[in-house]
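Residue numbers start from 1 in every chain, and the chains themselves are labelled A, B, ... in the order their sequence lines are given, proteins ahead of strands. Computed from a prediction, not measured in an experiment: that's the story for all the values here.
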Protein chains: 2
Amino acid sequence: MAEEKVLTDKQIRTARYAKAMGHPVRMYVLDLLSNQSCCYSGDLSDELPIAKSTLSQHLKELKDAGLIQGEIEAPRVKYCINKENWQEAQHLFREFLKI
Amino acid sequence: MAEEKVLTDKQIRTARYAKAMGHPVRMYVLDLLSNQSCCYSGDLSDELPIAKSTLSQHLKELKDAGLIQGEIEAPRVKYCINKENWQEAQHLFREFLKI
DNA sequence: ATATTTGTTCGTAATTTTACGAACAAATAC
DNA sequence: GTATTTGTTCGTAAAATTACGAACAAATAT
């Protein structure tokens, strides 16, 4: 028998994205990356008043949530939006918020 | 001199709402309340596989974030969407996600 | 080869989140 | 009155989050 699912996959995935968006620094990064194609983490590090290790942690969370992706361009790292998942997030939030 | 603000108020407020949405149980509640006018926490407690004290905590977080509001209808409590803030969240996310 | 640049990982600490059951408060039911 | 229903608050514990500096790795520059 299939289990009674109370929480839908949609709710779980939307919550996952929302959680990743749930910090001002990560909102800043997503705002930037959704408005321009890419950025280097050095650019972020210069702007944001946090330790580079902390920034790296936030970027990792965004990567783990699937919202961004990093590409090594030695010795730097170029970050971009993960378009596929960003689109999914747009769909999920549009449905959820009915906008 | 005005301080250099790196993080905008919009980013901070959007992150605040996102954080509140960042748990499956809270997404479930918001999903329900944005689709119907109100509900009693007993209805939620019956559906969701969590302790009632845990549910109460989640409801409090949604209240603290401003997304819902509770009204005592003794001996029960009726919860509704906080329409004003829900609208603000809709605007913020629409702008952020460009949808 | 050595130094510099860039960013991650490690180790650590403080705080927050998530969860539960027990205790409690307030109203209704008997 | 006492019992029941409903939901919050309290106490507690485990896990996750946020933050920092130091150490490290990898490539480039000198």
Side-chain angles (χ1 to χ4, degrees), chain A residues 6-7 11-33 38-82, chain B residues 6-7 11-33 38-82:
Chain A
V6 181
L7 303 170
Q11 285 162 352
I12 291 168
R13 280 182 297 154
T14 309
R16 181 75 185 86
Y17 286 130
K19 190 179 180 184
M21 297 170 183
H23 189 287
V25 164
R26 295 196 293 267
M27 276 297 313
Y28 177 91
V29 173
L30 291 172
D31 235 349
L32 196 76
L33 287 182
C38 295
C39 79
Y40 294 95
S41 54
D43 306 341
L44 299 168
S45 198
D46 291 343
E47 271 303 309
L48 293 166
I50 57 173
K52 59 184 180 160
S53 55
T54 304
L55 174 61
S56 201
Q57 245 177 197
H58 283 302
L59 293 172
K60 178 168 162 33
E61 280 187 57
L62 288 173
K63 250 192 298 182
D64 290 348
L67 288 172
I68 68 171
Q69 55 202 168
E71 190 188 332
I72 294 171
E73 242 178 56
R76 298 190 293 173
V77 177
K78 191 173 74 173
Y79 281 101
C80 312
I81 282 284
N82 182 319
Chain B
V6 181
L7 303 170
Q11 285 162 352
I12 291 168
R13 280 183 298 153
T14 309
R16 181 76 185 83
Y17 286 129
K19 191 179 179 184
M21 297 169 184
H23 190 285
V25 164
R26 296 196 293 267
M27 276 297 312
Y28 177 92
V29 173
L30 290 172
D31 234 350
L32 196 76
L33 287 182
C38 294
C39 78
Y40 295 94
S41 55
D43 307 340
L44 299 168
S45 197
D46 291 343
E47 272 302 309
L48 293 166
I50 57 173
K52 58 184 180 159
S53 56
T54 304
L55 173 61
S56 201
Q57 246 177 195
H58 283 302
L59 292 172
K60 179 169 162 32
E61 279 187 58
L62 288 173
K63 250 192 299 182
D64 290 347
L67 288 172
I68 68 171
Q69 55 202 166
E71 190 188 332
I72 294 170
E73 242 178 56
R76 299 191 292 172
V77 178
K78 191 172 73 173
Y79 282 101
C80 312
I81 282 284
N82 182 319

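The closest side-chain heavy-atom distance from Leu48(A) to Leu7(B) is below 4.5 Å. Taking the side chain as every heavy atom from C-beta outward, Met21(B) and Thr14(A) never approach each other to under 4.5 Å. Between Arg16(B) and Asp64(B), the closest side-chain pair of non-hydrogen atoms falls below 4.5 Å.
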Residue pair Leu59(B), Leu44(B): steps toward the side-chain contact (heavy atoms from CB on, under 4.5 Å) verdict: CA-CA 10 Å; Leu59(B) 292 172; Leu44(B) 299 168; 4.1 Å; yes
Worked check of side-chain contact (heavy atoms from CB on, under 4.5 Å) between Val29(B) and His58(B): CA-CA 9 Å; Val29(B) 173; His58(B) 283 302; over 6 Å; no
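Here the CG-CD1 distance, from Leu55(A) to Ile50(A), works out to 4.5 Å after rounding to the nearest 0.5 Å. Rounding to the nearest 0.5 angstrom, the gap separating the NZ atom in Lys78(A) from the SG atom in Cys38(A) is 4.5 Å. With values rounded to the nearest 0.5 angstrom, His23(B) atom NE2 is found 10.5 Å from Leu62(B) atom CG. Taken from CD1 in Ile68(A) to CG in Asn82(A), the straight-line distance is 9.5 Å, to the nearest 0.5 Å.
In this structure, the CD atom of Glu73(A) is 11 Å from the P atom of dG7(C), given to the nearest Å. For the pair Asp64(A) CG and dA16(D) P, the computed distance is 13 Å after rounding to whole Å. The distance between atom OH of Tyr40(A) and atom C1' of dT6(C), rounded to the nearest whole Å, is 12 Å. Rounded to an integer number of Å, the gap from CZ of Arg76(B) to C1' of dT8(D) is 16 Å. The nearest whole Å value for the distance from the CG atom in Asp46(B) to the C1' atom in dG7(D) is 13 Å. Residue Met27(A) contributes atom CE, which lies 18 Å from atom C1' of dT18(D) at whole-angstrom precision. Atom P of nucleotide dT18(D) and atom CE of Met21(A) are separated by 15 Å, given to the nearest angstrom. Taking atom CD of residue Glu71(A) and atom C1' of nucleotide dG7(C), one finds them 15 Å apart after rounding to whole Å.
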Per-nucleotide protein contact string for nucleotides 17-30 of chain C, where B marks a base within reach and S marks sugar-phosphate only (heavy atoms under 4.0 Å, - for neither): SBBBBB----S---
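The phosphate of dT6(C) (OP1 or OP2) has no side-chain N or O of Tyr79(A) nearer than 4.0 angstrom.
At the heavy-atom level, Ser41(A) lies under 4.0 Å from the strands shown only through sugar-phosphate atoms.
Consecutive Watson-Crick or G-U pairing (both distances under 3.5 Å) extending over three or more pairs maps onto DNA chain D as C:1-30 with D:1-30.
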